[in-house]
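Working notes for the structure below.
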Amino acid sequence: MMETELFNRQYIISEKELALDGWKQFLFDNYHVYVHPNLDYVHQDGKHLSVAVLGYLFDYRNTEYTNEDIVKGLSESVDMEDLMRQLDQYCGHFIVLCKDAAGVKIIPDACAQRILYYKDSFDVFASQVKLIEHFFPLEDVVDPEAKAFFNSSVYKYRLYAISSKTWKQGIFRLMANSYLDVTARKVVRFFPAQPIQRQALQNVVEQVIPMFKGYIEAIAKRYKKVVIPVTAGFDSRMVFAASLGLKECTYFIYKHPSFKENHPDLVIPKKLTELVGKSFQVFRYSPEVDPILKEVYKNSVDYARDRTAAMILSGNGTYFKDAIMLNGNLGEIARSYYNYTENVSGRELAALMECRNYPYAVRELQAWYDTNRPLFKANHLNALDMLFWELDWGPSTAQSKQECWIASEVCSPFNSRIMLTTLLSADAKYRVKESCRVFREVINHFAGKTIDLPVNPTGKHKIIAMMKWLGIYLPYRKFRMNVR
């Protein structure tokens with residue numbers, strides 16, 4: 001099997017030369033950088049910095065800018081701090097290699113969606129552990145409690161992170177809001193660096209509108225075909241509403257084998273699109289997957305999940321091979337997802353992440369919380385929002401994209417630091433998961449009318465929303481976290 005068939009849209013960086021026929025490659029300082037043919041990269045030297053970007057960036061202020069335009073601007077930064085301030089303005093899925101007078105650094109996108117794993121020897125870095133293991137022998141983690149967690153059904157289903165540690169000895173993951181100082185061989189947390197100032201609801205809405213509109217316009221100018229899955233949820237509705245100004249866009253949902261005709265993800269998007277005069281399509285995919293494609297999928301992606309294989313390989317690979325799909329992933333970070341008291345234990349955090357029965361997970365989550373909570377509090381950020389960003393939904397959706405990239409291009413417009421921090425500057429009462437007024441205001445603006453359709457209308461959601469309105473949900477949930 002050729003390397004161009006494996007590891008679609010992936011990369012590996014190594015001090016040693018590697019045999020990767022058909023891959024794009026270049027030298028960055030003393031490192032050999034190998035990039036799959038379907039992954040873009042731009043390398044640009046400036047007066048103070050040398051910069052290489054693997055992946056893509058979009059500028060909401062200059063929607064016609066290409067990757068080359070943006071990277072040229074980044075290379076003109078006067079120092080690392082200037083570069084990172086500029087990166088905050090972009091959405092996209094990328095890693096940035098940067099060389100200044102002090103050496104080489106590697107910076108992830110806002111939610112680390114373009115995944116980076118690295119050896120603790122700092123001599124090899126890659127998009128998946130399997131790609132490192134393709135060239136370098138690795139050993140399983142020794143700790144039996146860590147083994148139990150990484151082999152658990154909950155981890156294999158969720159594929160989140162509880163720390164930067166992995167299932168392989170000496171292999172770590174670069175987490176969101178930190179960068180690698182490769183030369184100094186250390187991880188540096190760079191966010192948050194200053195307090196998030198609380199803003200009035202209307203101010204947040206007015207700032208988010210041009211960002212979202214601009215990002216989607218920038219994406220549409222670079223890709224000929226844009227497709228957007230629309231569900232009964234809030235986050236896809238945000239992407240849908242912000243895209244209404246596009247001349248061409250396909251709005252759809254998959255009818256999964258388990259869906260009945262009255263499933264909310266089939267019924268509500270149809271009503272939503274009709275309200276604004278857009279067509280909506282329901283696609284089906286074969287549950288049978290080409291065995292050769294399945295083998296590529298399994299050999300290219302860590303913990304490749306069978307439950308998503310048919311949708312990705314038979315669905316996306318058939319309908320959207322030449323398109324870019326825009327989904328609502330990561331919007332959940334701004335919707336006070338856990339809506340839980342901040343004074344928590346590692347055991348409670350593990351309960352929230354459904355892994356309380358694993359002592360390794362409890363320890364790692366407690367360590368993350370103890371280390372970072374003072375920093376988050378000093379910068380007016382809720383530790384539970386940041387847990388969802390850095391350990392839960394951020395890593396989970398990143399791995400989902402790695403699975404999707406085997407067949408087609410997928411992008412999350414929410415993956416922007418300025419977008420997320422602006423949304424998080426709204427009072428938490430406007431960001432409640434089930435009602436989220438800040439999202440509603442943005443959606444109504446783009447739609448030009450009030451959209452009153454329900455969001456994920458299940459019995460459970462209705463009960464939780466009522467409990468929150470009565471002010472009894474948090475005490476109830478804390479009780480449940482400690483008695484399960």
Side-chain angles (χ1 to χ4, degrees), residues 212 216 219-220 223-290 293-294 297 305-332 396-397 400-401 403-414 434 439-440 443-444 446-449 451-462:
F212 226 127
I216 288 180
I219 293 167
Y223 289 84
K224 292 182 179 179
K225 186 176 181 182
V226 177
V227 300
I228 296 177
V230 187
T231 70
F234 256 131
D235 310 296
S236 71
R237 195 173 297 185
M238 280 277 280
V239 179
F240 166 73
S243 74
L244 292 175
L246 299 183
K247 290 183 179 178
E248 292 186 26
C249 186
T250 298
Y251 302 109
F252 80 100
I253 194 65
Y254 281 128
K255 188 177 189 297
H256 300 296
S258 61
F259 278 14
K260 296 180 179 179
E261 294 300 327
N262 64 347
H263 193 285
D265 282 346
L266 297 174
V267 175
I268 292 177
K270 186 174 186 297
K271 292 179 179 178
L272 174 65
T273 50
E274 286 175 351
L275 280 174
V276 292
K278 297 292 184 179
S279 62
F280 177 70
Q281 300 181 61
V282 177
F283 293 126
R284 292 169 173 80
Y285 55 86
S286 171
E288 302 300 320
V289 177
D290 183 318
L293 290 178
K294 185 74 170 288
Y297 176 72
R305 294 172 287 194
D306 286 332
R307 69 184 179 89
T308 56
M311 181 189 73
I312 291 167
L313 301 175
S314 299
N316 296 0
T318 299
Y319 296 113
F320 309 126
K321 195 170 185 178
D322 300 320
I324 186 166
M325 183 186 298
L326 306 186
N327 63 30
N329 288 171
L330 308 173
E332 301 91 343
S396 179
T397 58
S400 294
K401 287 184 182 67
E403 292 173 335
C404 289
W405 286 334
I406 291 295
S408 61
E409 191 60 74
V410 178
C411 178
S412 301
F414 277 106
E434 292 79 14
F439 276 33
R440 287 190 184 277
I443 291 166
N444 291 341
F446 283 125
K449 62 178 71 177
I451 303 294
D452 287 327
L453 293 172
V455 175
N456 290 328
T458 65
K460 180 181 177 180
H461 279 118
K462 291 176 183 177

message: Tell me the closest heavy-atom pair linking K321 and A407, and the distance in Å.
response: CG-O, 4.0 Å

task: Kindly write out the residues that satisfy salt bridge (Lys or Arg N to Asp or Glu O under 4.0 Å) with D306, not counting sequence neighbours, or none if the list is empty.
output: K294, K298

Quick one: side chains of residues 253-262, donor-acceptor pairs under 3.5 Å with protein atoms, not counting sequence neighbours, listed by atom name and distance.
| from | atom 1 | to | atom 2 | distance (Å) |
| --- | --- | --- | --- | --- |
| Y254 | OH | G315 | O | 3.4 |
| Y254 | OH | N316 | N | 2.9 |
| Y254 | OH | N316 | OD1 | 2.7 |
| K255 | NZ | F259 | O | 3.1 |
| H256 | ND1 | Y285 | OH | 2.8 |

message: Taking salt bridge (Lys or Arg N to Asp or Glu O under 4.0 Å) as the cut-off, I'd like each qualifying pair that reaches into residues 230-248, sequence neighbours left out, listed once.
response: D235-R335

query: Between F439 and F212, is the ring centre distance below 6.0 Å?
result: no

- prompt: Looking only at heavy atoms, which two atoms of S314 and T318 are closest? And how far apart?
  reply: O-OG1, 2.6 Å

message: Restricting to non-hydrogen atoms, name the atom on A220 and the atom on V226 that form the minimum distance, rounded to 0.1 Å.
response: CA-CG2, 3.9 Å

query: Where do L326 and P229 come nearest, in terms of heavy atoms and distance?
result: O-CD, 3.2 Å

task: Return yes if some donor-acceptor pair links the side-chain N/O of E403 with the main-chain N/O of K401 below 3.5 Å, else return no.
output: no

task: Quick one: which residue pairs count as a ring pair (Phe, Tyr, Trp, His ring centres under 6.0 Å) with a foot in residues 226-249, not counting sequence neighbours?
output: F240-Y251

message: So which atom in R440 and which in V455 form the shortest heavy-atom distance, rounded to 0.1 Å?
response: NH2-CG2, 4.1 Å

Close side-chain approach of F446 and I451, heavy atoms under 4.5 Å: no

- prompt: Looking at T250, N327, I324, V239, which hits side chain to side chain contact (heavy atoms under 4.5 Å, CB included) with I228?
  reply: V239

message: Are the side chains of F252 and M325 in contact, using a 4.5 Å heavy-atom criterion?
response: yes

query: Should L275 and L453 count as side-chain neighbours, where that means a heavy-atom distance under 4.5 Å?
result: yes

- line: Residue pairs meeting salt bridge (Lys or Arg N to Asp or Glu O under 4.0 Å), one or both in residues 271-284, sequence neighbours left out, come to K270-E274

- request: Supply the atom-to-atom distance S286 OG to M311 CE, rounded to the nearest 0.5 angstrom.
  value: 14.0 Å

- prompt: Does I268 reach the side chain of P457, with side-chain heavy atoms less than 4.5 Å apart?
  reply: yes

query: Under the salt bridge (Lys or Arg N to Asp or Glu O under 4.0 Å) test, which residues partner E434, sequence neighbours left out?
result: K468

Nearest non-hydrogen partners of A310 and P287, listed with the distance: CB-O, 3.9 Å

query: Do I219 and C411 come within less than 4.5 Å of each other through their side chains, counting heavy atoms only?
result: yes

- request: State, without any angle test, whether T231 and S236 hold a side-chain donor-acceptor pair at a distance under 3.5 Å.
  value: yes

message: Before you tell me yes or no, could you show the steps for I406 and L313 under side-chain contact (heavy atoms from CB on, under 4.5 Å), namely the whole-Å CA-CA distance, both residues' side-chain angles and the distance that decides it to 0.1 Å?
response: CA-CA 8 Å; I406 291 295; L313 301 175; 4.0 Å; yes

